[in-house]
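Naming convention: chains lettered A, B, ... in sequence-line order (proteins, then strands); numbering from 1 in each chain.
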Amino acid sequence: MAPIRTRFAPSPTGFLHLGNVRTALFAWLAARSTGGSFVLRIEDTDQGRYVPESEAAILETLQWLELTWDEGPEVGGPQGPYIQSLRLDLYAEHARRLVESGAAYWCTCAPERLTEMRLEQQRLHQPPRYDRRCLSRQDQVAAERESGMPAVLRLRMPAGTTEWDDVIHGLIRYDNADIDDQVLLKSDGFPTYHLAVVVDDHLMGISHVIRSDEWIPSTPKHLAIYAALGWEAPRFCHAPNVLDESRQKLSKRRGARTVLEYAELGYLPEALINAMALLGWSSGTEQEVFSREELIAAFSLERVQSSPAVFDAHRLDSLNGLHIRRMDGEALVAALEFHLPETSIETRRRLVPLLRERMITLRDAVALAEPLLGPAPWDPDVVFPPRKVDPETTGALLDVAVAEVEARGLDDLEAMRLRLTELLESRGVKARDGFRVLYIAILGHPSGLPVFDAMAFIGVEKSAERLRMARQELDRRRSSPPAG
RNA sequence: GCCCGCAUCGUCUAGCGGUCAGGACCUCACCCUUUCAAGGUGGCAACCGGGGUUCGACUCCCCGUGCGGGUACCA
């Protein structure tokens, strides 16, 4: 496979969500899997929608996911700058070439006129497109521009048809008569996406334009610009959109979470990448869990689906749990620091074996470890004594446990376990029911981390203390049963 | 309205003319078990409709239908 040189070109109008980044991931994988290169470019040609913090957030998102770029902001490169607002002269130069060759023309039509025109076209069941009024009066338009009237530069869409062989969709064909004379330069002098993307992709030597499906309708415009400039067009790969549960394109506006929010919620970058890769791509084997390296080895654009995919949060959860379980121990200890900031590295090392199998997200560690790191107040809803365990057995169990801990400490918890099991059986109480007493006493809740491990963690003193407290609570509840 | 894309279990998907239509998530049951998990086993569950083409269509073609996207001096 020839090396693919591709790019991700977000606009700094907001934060990145799974939909955006899934496309970036495909581009990154295409580059990495072919030994090619990946370029990051910021498309900030819309001054009105610019959100200052978003640019930094985009870089942070990609860095967190380790979707490394070979050229772009911060790292530079031979085709820089990689921020479009810094490349205005380049667009102006190419716009001039387009005007000179007759591929573009100036237009001074007022927005109101354009709106009215489109309404009329819609009423007449016609395709919406500029009626080229200004094309036939270029001398007047020149004079108007001279006198300071605002103007835009339009692409003169040639007649005929446009088609291309999309890597993901196959042949797509358009009748040029359905395509508008796109604005290339806005009246503020900034280029539109359409001009800038073509100029930059060509100058930056992009071999594969990987972007999402919503760009399909504007590809003929881009192809026309390539042709007008005498350039060879890159391959186009239109990746299907990622949809939310209501089958709409994922968007911040509709409540899509940003990738950075997933990070805070305790999702692993590897899991997010795995989940995103599976949205629209499959290996063709039955492997579903992939490390970053495995993904690079298995990926190919040809196996990208052409139909949109609904994002499934359950799938992400499942994958996140799986990745946590297969994660290197020390890496997990380190990753947990963010969620358990008060803990020492040693504490986290002791915690990891207990937590690992029980976490869906890293954040789950907080609730899971709570009774080990601090006091363990009882869950207000806890039933005590637990169902199926009579008060006498509960008391006996607690008494034995206290005595064991006080006499022998926690060195032989297996012996204590056997002792307690024996006691429960002799009283006709199933171990699974009876041990709930211990869980409540130690953890404040009838379920959670393995209770003997928990006792070992908190130590002799606290274990004995919590057991005695439970014993007292039992007496208290027996003398004054809770109302209701 | 005009243009384009898409169509297999609830969801993500495998399939590339002949399969008991496979896997994963979700869900249910069971096993394991000191709880909860994890793990294991098994169950439920799908080819949008109608025409063709073909000895034979989930698979190819056409038409519907549905869903999505575009239709901006936003990207």
Answer yes or no: is there a donor N or O on one side and an acceptor on the other, between the side chain of A:R358 and the main chain of A:L354, under 3.5 Å? yes

Please classify the nucleic acid contact of A:Q287 as base, sugar-phosphate, or nothing, using heavy-atom distances under 4.0 Å. nothing

Looking at every heavy atom in both A:P385 and A:T394, which two are closest together, and how far apart are they? CB-OG1, 3.4 Å

With a non-hydrogen cut-off below 4.0 angstrom, is A:L420 in contact with a base, only sugar-phosphate, or nothing? nothing

Classify the nucleic acid contact of A:Y174 as base, sugar-phosphate or nothing, counting any heavy atom under 4.0 Å across all strands shown. sugar-phosphate

Could you pull out all residues at least two apart from A:E414 that satisfy salt bridge (charged side-chain N to carboxylate O under 4.0 Å, His left out)? A:R417

According to a strict under-4.0 Å criterion, is A:Q126 in side-chain N/O contact with OP1 or OP2 of B:G1? no

Under 4.0 Å between any heavy atoms, over every strand shown, what does A:R303 touch: base, sugar-phosphate, or nothing? Just pick one. sugar-phosphate

Of A:D178 and A:I168, the one whose closest RNA chain B nucleotide lies more 5': A:D178

Taking OP1 and OP2 of B:U11, is either one under 4.0 Å from a side-chain nitrogen or oxygen of A:R247? yes

Results of salt bridge (charged side-chain N to carboxylate O under 4.0 Å, His left out) for A:D328 - residues two or more places apart only: none

Would you indicate what A:P308 reaches in the nucleic acid, counting non-hydrogen atoms under 4.0 angstrom: base, sugar-phosphate, or nothing? sugar-phosphate

Does the side chain of A:H238 pick up a donor-acceptor pair with the side chain of A:T219 at under 3.5 Å? yes

Nucleotide nearest A:V451 (side chain, heavy atoms from C-beta), chosen from B:C6, B:A14, B:U34: B:U34

Students often mix this up, so state it plainly: with edges at 30° and 60°, are the rings of A:F236 and A:Y226 parallel, tilted or perpendicular? perpendicular

With both distances under 3.5 angstrom, what nucleotide forms a Watson-Crick or G-U wobble pair with B:C2? B:G70

With heavy atoms under 4.0 Å as the rule, sort A:Q121 into base, sugar-phosphate or nothing. nothing

Picking from B:U34, B:C36, B:U11, the nucleotide nearest the side-chain atoms of A:Y439 would be B:U34

Can you pull every protein N or O that's under 3.5 Å from an N or O on nucleotides 18-22 of chain B?
unit_1, atom_1, unit_2, atom_2, d
B:G22, O2', A:E286, OE2, 2.9

Partners passing salt bridge (charged side-chain N to carboxylate O under 4.0 Å, His left out) against A:R96 (at least two apart in sequence or in another chain): none

Between the protein and nucleotides 38-42 of chain B, list every N/O to N/O distance that falls short of 3.5 Å.
unit_1, atom_1, unit_2, atom_2, d
B:A38, O4', A:E357, O, 3.3
B:A38, O3', A:R325, NH1, 3.1
B:A38, O2', A:E357, OE1, 2.9
B:G39, OP1, A:R325, NH1, 3.2

Searching all strands shown, indicate the nucleotide that pairs with B:C58 (Watson-Crick or G-U wobble; both distances under 3.5 Å). none

Using a 4.0 Å heavy-atom cut-off, does A:G321 contact any base of the nucleic acid, only the sugar-phosphate backbone, or nothing at all? nothing

Each nucleotide in nucleotides 70-75 of chain B should get exactly one letter: B, S or -. Can you fill that in based on protein heavy atoms under 4.0 Å? SSSBBB

Side chain to side chain contact (heavy atoms under 4.5 Å, CB included) filter on A:V400, not counting sequence neighbours, yields A:E404, A:R419, A:L420, A:L423

How many angstroms lie between atom OG1 of A:T23 and atom CG of A:N241, to the nearest 0.5 angstrom? 7.5 Å

What nucleotide among B:C25, B:G5, B:C2 has an atom nearest to a side-chain atom of A:P127? B:C2

Go through the structure and list residues passing salt bridge (charged side-chain N to carboxylate O under 4.0 Å, His left out) with A:E425, not counting sequence neighbours. none

So, with a heavy-atom separation below 4.0 Å from RNA chain B, the residues of residues 366-374 of chain A are none

Please table the atom pairs, donor to acceptor, closer than 3.5 Å between any side-chain atom in residues 176-185 of chain A and protein atoms at least two apart or in another chain.
unit_1, atom_1, unit_2, atom_2, d
A:N176, OD1, A:T162, N, 3.2
A:N176, OD1, A:T162, OG1, 2.6
A:N176, ND2, A:P158, O, 3.0
A:N176, ND2, A:T162, OG1, 3.4
A:D180, OD1, A:Y130, N, 2.5
A:D181, OD1, A:R132, NH2, 3.1
A:D181, OD1, A:M157, N, 2.9
A:D181, OD2, A:Y105, OH, 2.5
A:D181, OD2, A:R132, NE, 2.6
A:D181, OD2, A:R132, NH2, 3.4

Complementary nucleotide for B:C20 - Watson-Crick or wobble, under 3.5 Å: none

N/O to N/O distances under 3.5 Å, protein versus nucleotides 28-33 of chain B:
none

Under 3.5 Å, side-chain donor or acceptor atoms of residues 297-304 of chain A against the rest of the protein: list the pairs with distances, not counting sequence neighbours.
unit_1, atom_1, unit_2, atom_2, d
A:R303, NE, A:S282, O, 2.9
A:R303, NE, A:S283, O, 3.3

